[in-house]
2 protein chains.
Amino acid sequence: MTGKKTTSPIGRPPLLRRTNALTLLKLLREAGTCSRADLVRTSGMSAPTVTNVIADLLSAELVQPLGEGASNGGRPPDLIRFKAERGCLVSVRITAQFVSFLLTDLCGKELDTSEVWLAGRKTTPEAMCALIAEETRRIVRAQGLKRDQVLALVAGVPAITNVDEGVVLAISTLENWHDVPLRSMLKRSVGCQVTVENDTNLAALGERMEGAAQGETSFVEIDIGANVSAGIVLDGRLYHGAQWSAGEIGYLRLPHISRRDPVVHEFGALEAVLSSTGIQQSWRETTAQLGTTMRGAGRVDVTAILDMAQRGEAAAKQVVKQRAAIVADVIVNLSLILNPGLVVLGGEVGRHPALIGFVRKELERSEFAVPRIAAASLGEAAVLRGAIAMALETIPSILLPLP
Amino acid sequence: MTGKKTTSPIGRPPLLRRTNALTLLKLLREAGTCSRADLVRTSGMSAPTVTNVIADLLSAELVQPLGEGASNGGRPPDLIRFKAERGCLVSVRITAQFVSFLLTDLCGKELDTSEVWLAGRKTTPEAMCALIAEETRRIVRAQGLKRDQVLALVAGVPAITNVDEGVVLAISTLENWHDVPLRSMLKRSVGCQVTVENDTNLAALGERMEGAAQGETSFVEIDIGANVSAGIVLDGRLYHGAQWSAGEIGYLRLPHISRRDPVVHEFGALEAVLSSTGIQQSWRETTAQLGTTMRGAGRVDVTAILDMAQRGEAAAKQVVKQRAAIVADVIVNLSLILNPGLVVLGGEVGRHPALIGFVRKELERSEFAVPRIAAASLGEAAVLRGAIAMALETIPSILLPLP
DNA sequence: GTAACTTTTTTAGTGTTACTTACAAAGATC
DNA sequence: GATCTTTGTAAGTAACACTAAAAAAGTTAC
């Protein structure tokens, strides 16, 4: 179910070259600019091997010669670098309101971004696919890149996704999005390797690459916004579960969550309470009780409610504190099961300092070890950045295919 | 924290030989007995390569020639097999009451078992270590094996364990068992490679190898007996968490579990209710209310209570049903977070048909997808078998070390 | 200003490995 | 008994990495 490769690897001589090329390419990307001698030192390979492998990479245009560098007391080094502009990567984030794009070079450096709003457009899978293909072509051409230079596209969707097959289970807020074979559809349209992933999973990868979870090997990102879901990274890799629905925590059974009163039937009980709409509704009820004279009673922006709680306003504080207690229960249960090193709180609600403050306070009362808590630091960009992080992992195998 | 190898692999020619030897050894162990020609067909390597690699394995005494087989219409094949008797594996299960042993050949076939009861003995780490070393030597010698033929020892302990360092955190029911460097102690005593693991984790591996979880890549074993804990296998590998405490589910926060009333302070609230002692206590209270005339009121054997529930006796049924509802909540939460393909219920309480029956019934009411539920099928043998399963995974790298 | 030293890179030769092709061994089939 | 089939080995070639040595191109010392 999780795409195990059952083919036992068979060792032929070219495998060595590929292994070593992969190693050197990785070192080159980490180092930025360096000489062959540097690679000899860091890789542990012999000098002739490094020269030979680099010669291969040069003829494949994966590496660019930069000329002489400054001498270190002897012959000056011949500097080289990974040719990040040889190709590009595209990440796409699909939501019910808009589709956003990020174009980067092969080092993950941003080249362009773009956003297309869906209001008034058709949102069937076919229409969205055409939209994505068209916009991708546009931003690629705008950078002076050719179509075949797009090496990978990674798309994030707010849905359970079979990543192996590239099939999106369901997006209820879009037309006809049930069991959509998005990967094969996009592959046909854009012509490069395509990966489709759950958006929260990608957000977690984004936070690991350049956000709040750098260097973590096992952590969980809990996104609380319009929906509630978790992205799980274990021992360095995304974990999906047997049927791709790991992290769908909206239905967790916790103390103080009423199972008898499913306000919104499509949502889990937990989701109904924690999500933006749940908080807004709770706020309306509270303010209605207190009378409409109350400041901000008419507003329904969640961030505004959280801001008020942060400033210490009693009614908002109470609403947020209730949520924090539940989030703390979620974190405790997640920790007991998974023992992550870190929990990242993301999403409109999750990353707000007011919520995180109360959650931390709630967890202090816990008797046993509790993970560190951090606010997601990439905000809306997390999904697109995470998609690029995923694409960066796949490009070595695209750039250096088995012979 | 989880023992990542950061050294980038460097491809030298001997690596090819090792890779191919590993592949052939694996195929040989799966096939039992076969010819070189069979290996050529299944491995994809050329015939000369197979001959050469097998020649290496023959001179290393890892493979045994069996002479000619029956002809298939041409020259008769030269049969060979993996030499399972070249060495042996030892697994050890440490509990507060006894230490049990299992000796197997390199295919995991049982050669001998043994059990040492601890009543009246010293149970300090040093004493236990000496006991294990002595008993290991005894059963190894009894089989006519030499000490250096013991290739690996795997020990299961009822405690949180740092597997990388081989350190046991704490066993409260044994003297002085706090931060015990058991692996290095045992390694010094028995002289072979040693692994120390949590017992529930090993039980899960046992069930995967030859029990209820065969073929599963992501599943959870929940053990309910004297304690409550889970062993987690994700994408084919044991998952330990960032601080080695994944699966310590005894403190889960669930509905209907009172946090205000920790009956036994050393246990989590959940553990206090679900464990054998929790059920026994609840049974005593129930029967006390009903009067002592009741059949079985004096007995405190958990299995007897579960048996009564199975037979439909009302009081026992009620006690068990309460537990089943809680177990169902645990399974639901585990499933939402991890989406395992299977949940194996083990332990004295967990594997009992009465409990499992009620749990299944409870889960039927759940709105969404729920994993398959199975009873652990290996019983008390699970830990020792799982330890052997783990040892079997490590022996290729012992048998064929890098040059 | 030249000789000696350093650092970097390349060349030449050797050893390991697996592959293809050809061949030998040994029984089955006709 | 001649031919086919299957199995296993031998010889030669190609890919690869390694060591040793040399070449390239500077810096440092006197």
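In what follows, every chain begins at residue 1, and chains take the letters A, B, ... in the order their sequences are listed.
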Could you check whether [X] gets within reach of a base, just the sugar-phosphate, or nothing at all, counting any heavy atom under 4.0 Å?
X: N20(A); result: sugar-phosphate
X: N52(A); result: nothing
X: R18(A); result: nothing

Check whether any side-chain N or O of [X] sits under 4.0 Å from OP1 or OP2 of [N], and answer yes or no.
X: T49(A); N: dC18(D); result: yes
X: R17(B); N: dT16(C); result: no
X: R36(B); N: dT9(D); result: yes
X: T51(B); N: dT9(D); result: yes
X: S71(B); N: dG27(C); result: no
X: N72(A); N: dT27(D); result: no

What is the distance, to the nearest angstrom, from the [atom1] atom on [X] to the [atom2] atom on [N]?
X: R41(B); N: dT5(D); atom1: CZ; atom2: C1'; answer: 12 Å
X: R12(A); N: dT17(C); atom1: CZ; atom2: C1'; answer: 12 Å
X: L16(B); N: dC19(C); atom1: CG; atom2: P; answer: 9 Å
X: D78(B); N: dT9(D); atom1: CG; atom2: C1'; answer: 12 Å
X: L79(B); N: dG27(C); atom1: CG; atom2: P; answer: 14 Å
X: L22(B); N: dA18(C); atom1: CG; atom2: P; answer: 13 Å
X: L15(A); N: dA17(D); atom1: CG; atom2: P; answer: 10 Å

- Item | Donor-acceptor pair between N52(B) and T49(B) side chains, under 3.5 angstrom |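 Side-chain D/A pair, N52(B) to T49(B): absent.
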
- Query: Hey, which of these two, G11(A) or S35(A), hits DNA chain C nearer its 5' end, going by closest nucleotide?
  - Reply: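 So the residue in question is S35(A).
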
- Message: Reading DNA chain D from 5' onward, which residue's closest nucleotide shows up sooner: A37(B) or P13(B)?
- Response: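 Per heavy-atom nearest nucleotide, the more 5' residue is A37(B).
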
- P48(A) or G73(A): which one's nearest nucleotide on DNA chain D is closer to the 5' end?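 Comparing both residues, the 5'-ward one is P48(A).
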
- Interatomic spacing from CG in L62(B) to CZ in R86(B) - rounded to 0.5 Å: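 Reported value, rounded in 0.5 Å steps: 4.5 Å.
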
- Once you round to the nearest 0.5 Å, how far does OG1 of T51(B) lie from CZ of R36(B)?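 It comes to 6.0 Å.
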
- Item | Within-4.5 Å side-chain heavy-atom neighbours: V150(A) and V190(A) |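 V150(A) does not reach V190(A) side chain to side chain.
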
- Locate the shortest heavy-atom distance separating I398(B) from Q193(B); write the atom from each residue and the value.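 So the minimum-distance heavy-atom pair works out to CD1-OE1, 3.7 Å.
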
- Below 3.5 Å, does any donor atom in the side chain of R75(B) face an acceptor in the base of dT6(D), or the other way round?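 Per atom types, no contact qualifies.
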
